[in-house]
Amino acid sequence: MLIELWINEKKTTAEIEPDTLLIDFLRKQGCKSVKRGCETANCGLCTVFVDDKPVLSCSMLAARAAGHHVVTLEGLQEEAKGFAAYIADQGAEQCGFCNPGFMMNAIAMFRENPDPTEEEILEYLAGNLCRCSGYEGQMRGIRSYLAYKKKEEGASE
């Protein structure tokens, strides 16, 4: 079956099998930030944006993405760069395997709720599995980044 979609703002047309998962399709297109973890939609490693909404690509058929805009971490480098520095500063990246999915969900949170409470942060990130840490470093990084953004916004007003 032939599908057409936009991956990181680039129009892509490809022949796929009807049962091809979006994660497999994206990896074949060179999007290596999209990781395979649990294959049960429980770890968040495969998170991508479909029409600006976070989606677990291991639980979506590539055919369902036809006609839509899909964004992976490769397409969000500028937006992710500043936040990634705060995560690294807190030592929260450890092995780094969960980082792409974590970054995608954090960016979705920043876009939807630029001033989340601690509880809201935990809710947004509940679907991300990190086997290396107790999430304390990630939480410190998020809080530091949000404080920086708030200070930056105050200075520009």
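All residue numbers refer to positions in the sequence shown, counting from 1. Everything quoted here is computed from the prediction, not taken from an experiment.
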Rounded to the nearest 0.5 Å, how far apart are [atom1] of [X] and [atom2] of [Y]?
X    : Y    : atom1 : atom2 : value
C58  : I23  : SG    : CD1   : 6.0 Å
L26  : K32  : CG    : NZ    : 10.5 Å
S57  : R27  : OG    : CZ    : 9.5 Å
I7   : T72  : CD1   : OG1   : 8.0 Å
N128 : N42  : CG    : CG    : 11.5 Å
Y86  : L146 : OH    : CG    : 10.0 Å

Could you list the residues that satisfy salt bridge (Lys or Arg N to Asp or Glu O under 4.0 Å) with [X], not counting sequence neighbours?
X   : answer
K28 : none
E4  : K11
E17 : none

Going through the distances and angles, do H68 and V50 end up as a side chain to side chain contact (heavy atoms under 4.5 Å, CB included)?
CA-CA 7 Å; H68 295 277; V50 176; 4.0 Å; yes
Report yes if some heavy atom in the side chain of [X] is under 4.5 Å from a heavy atom in the side chain of [Y]; otherwise report no.
X    : Y    : value
Q138 : Q90  : no
Y145 : I87  : no
F49  : I107 : yes
P116 : M109 : yes
L21  : M60  : no
I121 : T117 : no
L45  : R36  : no

Enumerate the residue pairs fulfilling salt bridge (Lys or Arg N to Asp or Glu O under 4.0 Å) with a member in residues 56-78, sequence neighbours excluded, ordered by first and then second residue.
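Listed once each, the pairs are E78-K81.
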Pairs satisfying salt bridge (Lys or Arg N to Asp or Glu O under 4.0 Å), at least one member in residues 99-122, at least two apart
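Listed by first then second residue: D52-R111, E79-R111, D115-K150, E118-R143.
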Closest heavy-atom contact between [X] and [Y]?
X    : Y    : value
P100 : K35  : CG-CE, 4.3 Å
P54  : A108 : CG-CB, 3.7 Å
C38  : A41  : SG-N, 3.5 Å

Under 3.5 Å, is there a donor-acceptor pair between the side chain of N105 and the main chain of G101?
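Looks like yes, one N/O pair under 3.5 Å.
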[X]-[Y] co-clustered via ILVMFWY side chain contacts under 4.5 Å:
X    : Y    : result
V71  : L73  : yes
M139 : M104 : yes
V34  : M103 : no
V55  : Y124 : no
L56  : L129 : no

For M1 and I3, what are the C-alpha separation, side-chain angles and deciding distance, and is it a side chain to side chain contact (heavy atoms under 4.5 Å, CB included)?
CA-CA 7 Å; M1 102 187 300; I3 64 167; 4.2 Å; yes
Going by atom types only, do D89 and S144 share a side-chain donor-acceptor pair under 3.5 Å?
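Result is no, nothing qualifies.
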Candidate pair L22 and L61, rule side chain to side chain contact (heavy atoms under 4.5 Å, CB included), full reasoning:
CA-CA 5 Å; L22 184 57; L61 292 173; over 6 Å; no
Any ring pair (Phe, Tyr, Trp, His ring centres under 6.0 Å) pairs touching residues 4-40, not counting sequence neighbours?
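Passing the test, one end in residues 4-40: W6-H69.
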Could you go through N8 and C31, starting from their C-alpha distance and side-chain angles, then the distance that decides it, and tell me whether this counts as side chain to side chain contact (heavy atoms under 4.5 Å, CB included)?
CA-CA 9 Å; N8 300 325; C31 300; 4.1 Å; yes
